[in-house]
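Just so we're clear, the structure is a prediction, and the values are computed from it rather than from any experiment.
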Amino acid sequence: MSESMENATVSVPAEKAGETKSEKFIRLGEYRINKAIDAIGRIENLANKSAYDYTPEQVEAMFSVLESKVAEVKAKFTATKVKENTTFSFGKKAE
């Protein structure tokens with residue numbers, strides 16, 4: 001492999017080099033939440049009755065899906081793992 005190709009595959013942006021898991025969470029969290037906020041803002045534009053025609057059922061369907069997805073993702077952050085009983089028994093004591 002040539003030296004330039006080797007350097008290209010090893011190259012890591014300065015902001016990511018030596019980044020801790022916490023720093024990575026913060027960096028990606030801010031970026032992704034801001035993108036989500038922008039996308040939700042664009043949904044707001046659909047409320048313009050002079051440009052769009054929609055039914056209350058359509059609005060409810062949109063928000064139902066959004067709320068469901070947010071609840072699903074939030075549950076991933078708050079879920080605690082339940083430790084299962086890992087012992088086995090036939091229910092009888094050996095004689």
Tell me, yes or no, whether the heavy-atom count around K74 atom NZ, taken from other residues, nucleotides or ligands under 6.0 Å, exceeds 12. no
Mind checking who shares a hydrophobic cluster with L66, ILVMFWY linked at side-chain heavy-atom distances under 4.5 Å? I43, L46, Y52, Y54, V59, M62, F63
Supply the atom-to-atom distance K35 NZ to E30 CD, rounded to the nearest 0.5 angstrom. 15.0 Å
Crowding at CG, D53 (>12 non-hydrogen neighbours, <6.0 Å): no
Checking one residue: I33. Which other hydrophobic residues are in its cluster under the side-chain 4.5 Å linking rule? I37
I'd like to know if the side chain of E67 reaches the main chain of S64, judged simply by a donor and an acceptor atom lying under 3.5 Å from each other, with no hydrogens or angles considered. no
Please tell me if the side chains of I26 and E23 come closer than 4.5 Å, counting only heavy atoms from C-beta onward. no
